[in-house]
Amino acid sequence: GIKLPLNLGYTRTRTQGSGAGRVLDDDLQQVSASLNRAFGALGATSVNYQITEQTSSNGSLSLPIQTTTSNSQGLNVDTRLQFGSAVQYDLSHSLFLNRRRFTLAQGNLPGQGDAGMLLDLRARPSKQLNAYTSLRYSNDDQGATSLVTRSWSGGVNFLPMADLETSLGLRAEQSDADQYALSSRVLDGSARYKTALPLGNLLASYGVRLEKRDQQAANPLVNVIDERVLLTGTGQVALSRPHVVSGSVVVTNPTQSQTYVENLDYLVVVVGTETRLQRLVGGGILDGEEVLVDYTYDLGGTYASTQLDQSVGLNWNMARNLESYLRWSDSSPSITSGTSSFPLNPARTLLAGVRGEVPVPVQEPA
């Protein structure tokens with residue numbers, strides 16, 4: 001018969017303590033079960049299920065702390081297969097389902113959940129040709145809103161000769177939410193050529209991307225809940241969505257027992273259409289802590305657009321430590337119907353320079 005090894009686990013961790021202006025009070029219980037099925041040289045499948053309950057009163061003593069309880073469940077199924085006479089095909093399939101609910105002092109927050117599926121096939125028919133195709137489906141439920149996204153992508157990488165590498169890709173995506181619908185079609189390609197010169201070698205590259213986008217928005221303002229952001233040092237980390245509405249950013253710790261304060265614990269930095277978070281030294285956010293971010297962003301209204309992006313690069317390696325470069329890029333968006341609530345700005349850049357490295361010998365002390 002077929003043997004399916006089942007592994008069961010239970011963990012309870014109780015953490016209490018204080019120091020350096022912080023208090024730790026955390027009770028975590030976790031039950032897990034996993035199944036693994038091997039198919040010999042073909043590959044394997046794994047199934048993992050986990051239930052977690054956490055009660056937390058963690059945080060900085062300089063800010064109010066509330067006791068929170070979270071209950072979560074997660075199911076993950078992963079399959080990895082390799083087949084073909086020369087093992088030239090890789091097939092991956094993933095399935096996930098997660099549910100989470102927070103209980104605060106003032107009551108329950110809306111339950112959150114996400115589910116999704118990925119099917120990915122990669123092929124290597126020859127040394128000169130690689131191909132891939134992927135299907136993705138996701139359903140993100142944030143209690144008051146939900147978002148369903150379906151996407152397909154495929155492409156090839158082709159080496160017609162030793163010094164020339166080319167690629168061509170296609171992508172189609174459809175997103176449907178309570179207040180908006182969005183479809184996108186993207187074609188992209190690239191070419192890289194390397195050749196020897198009497199002095200050094202030259203690398204030339206070209207990239208092109210054409211996107212057609214169509215969206216309908218009953219309400220152009222969209223809420224994002226519990227986006228995870230890792231803050232390390234004082235580095236700036238961009239939020240995943242552009243055009244974030246000013247004043248809408250709320251940052252909490254992972255257990256939501258504490259809400260951080262802008263300009264005391266973190267900075268909000270806006271660069272063009274991008275919004276970034278920066279941890280402040282001496283604030284309540286620990287170095288290397290993952291935080292949860294809620295915010296509202298402007299989708300742009302109801303419109304259709306096309307955008308053509310092109311780039312050209314030349315790199316001349318004249319010697320081991322000497323290089324000159326020339327880089328040009330152009331982005332040309334245009335609205336084909338409807339009206340956007342913000343302008344789609346074209347951009348063109350030209351960058352040229354010379355870079356050199358001079359090794360400096362350093363004598364080791366005797």
Side-chain angles (χ1 to χ4, degrees), residues 120 122 129-136 138 149-160 163-175 180-195 202-217 220 222 224 236-244 269-276 297-316 323-353 355:
D120 183 272
R122 299 183 180 268
L129 179 64
N130 293 335
Y132 68 91
T133 183
S134 294
L135 283 172
R136 294 177 182 268
S138 66
T149 302
R150 299 169 295 276
S151 66
W152 171 86
S153 61
V156 294
N157 296 303
F158 182 52
L159 282 72
D163 296 328
L164 178 62
E165 178 182 351
T166 63
S167 69
L168 180 66
L170 294 169
R171 177 179 173 85
E173 182 173 306
Q174 177 71 41
S175 298
Y180 69 91
L182 184 153
S183 65
S184 174
R185 306 290 184 268
V186 177
L187 169 67
D188 62 74
S190 67
R192 291 164 53 90
Y193 180 69
K194 185 177 182 179
T195 184
L202 178 69
L203 175 64
S205 62
Y206 172 74
V208 61
R209 181 180 184 274
L210 175 63
E211 178 182 12
K212 291 190 174 183
R213 181 185 179 99
D214 188 0
Q215 64 182 49
Q216 296 83 38
V222 181
V224 175
Q236 297 180 3
V237 182
L239 298 177
S240 63
R241 303 292 185 175
H243 304 289
V244 173
V269 182
V270 179
V271 181
T273 63
E274 190 175 77
T275 298
R276 305 172 184 174
Y297 72 97
D298 189 348
L299 187 66
T302 297
Y303 68 94
S305 66
T306 62
Q307 180 167 328
L308 177 64
D309 299 332
Q310 297 184 82
S311 63
V312 175
L314 293 173
N315 284 70
W316 181 18
E323 173 191 26
S324 64
Y325 55 88
L326 175 67
R327 298 166 187 166
W328 172 86
S329 64
D330 179 83
S331 179
S332 303
S334 62
I335 295 178
T336 55
S337 66
T339 304
S340 172
S341 59
F342 46 77
L344 305 182
N345 296 320
R348 179 174 294 176
T349 61
L350 180 62
L351 180 66
R355 180 169 53 238

Are the side chain of [X] and the backbone N or O of [Y] linked by a donor-acceptor pair below 3.5 Å?
X      : Y      : result
Thr195 : Leu202 : no
Ser151 : Ala172 : no
Gln307 : Leu344 : no

Side chain to side chain contact (heavy atoms under 4.5 Å, CB included) between Arg209 and Val186: does it pass, once the steps are laid out? CA-CA 7 Å; Arg209 181 180 184 274; Val186 177; 3.8 Å; yes
Those residues at least two apart in sequence (or on a different chain) that pass side-chain contact (heavy atoms from CB on, under 4.5 Å) with Arg327 are Asn315, Tyr325, Leu351, Arg355
Given Arg276, which of Val271, Val270, Val237, Val244 fulfils the side-chain contact (heavy atoms from CB on, under 4.5 Å) condition? Val271
Rounded distance (nearest 0.5 Å) linking atom [atom1] of [X] with atom [atom2] of [Y]:
X      : Y      : atom1 : atom2 : result
Asp214 : Ser337 : CG    : OG    : 6.0 Å
Leu350 : Ser329 : CG    : OG    : 8.5 Å
Leu182 : Gln216 : CG    : CD    : 8.5 Å
Ser340 : Gln215 : OG    : CD    : 7.5 Å
Thr302 : Tyr180 : OG1   : OH    : 13.0 Å
Asp309 : Ser331 : CG    : OG    : 4.0 Å

Give a yes or no on whether a salt bridge exists between Lys194 and Asp163, defined as a side-chain N under 4.0 angstrom from a carboxylate O. no
With Phe342, which residues qualify under ring-ring contact (aromatic ring centres under 6.0 Å, His included), at least two apart? His243
For atom CZ of Arg185, is the number of surrounding heavy atoms from other residues, nucleotides or ligands below 6.0 Å larger than 12? yes
Are there more than 12 heavy atoms of other residues, nucleotides or ligands under 6.0 Å from atom CZ of Arg150? yes
I'd like to know whether Ser190 forms a side-chain hydrogen bond (donor to acceptor under 3.5 Å, both in side chains) with Asp188, so could you lay out the CA-CA distance, the side-chain angles of the two residues, the decisive distance to 0.1 Å, and finally the verdict. CA-CA 7 Å; Ser190 67; Asp188 62 74; over 6 Å; no
Under 3.5 Å, is there a donor-acceptor pair between the Glu211 and Ser184 side chains? yes
Are any of the side-chain heavy atoms of [X] and [Y] separated by less than 4.5 Å?
X      : Y      : result
Arg136 : Thr149 : no
Trp152 : Leu170 : yes
Arg122 : Asn130 : no

Taking all non-hydrogen atoms of both residues, which atom of [X] and which atom of [Y] are closest, and how far apart?
X      : Y      : value
Ser183 : Gln174 : CB-OE1, 3.1 Å
Tyr132 : Val156 : CE2-N, 4.2 Å
Pro333 : Asn345 : CG-O, 3.7 Å
Ala217 : Gly301 : CB-O, 3.7 Å
Thr339 : Tyr303 : N-CB, 3.8 Å

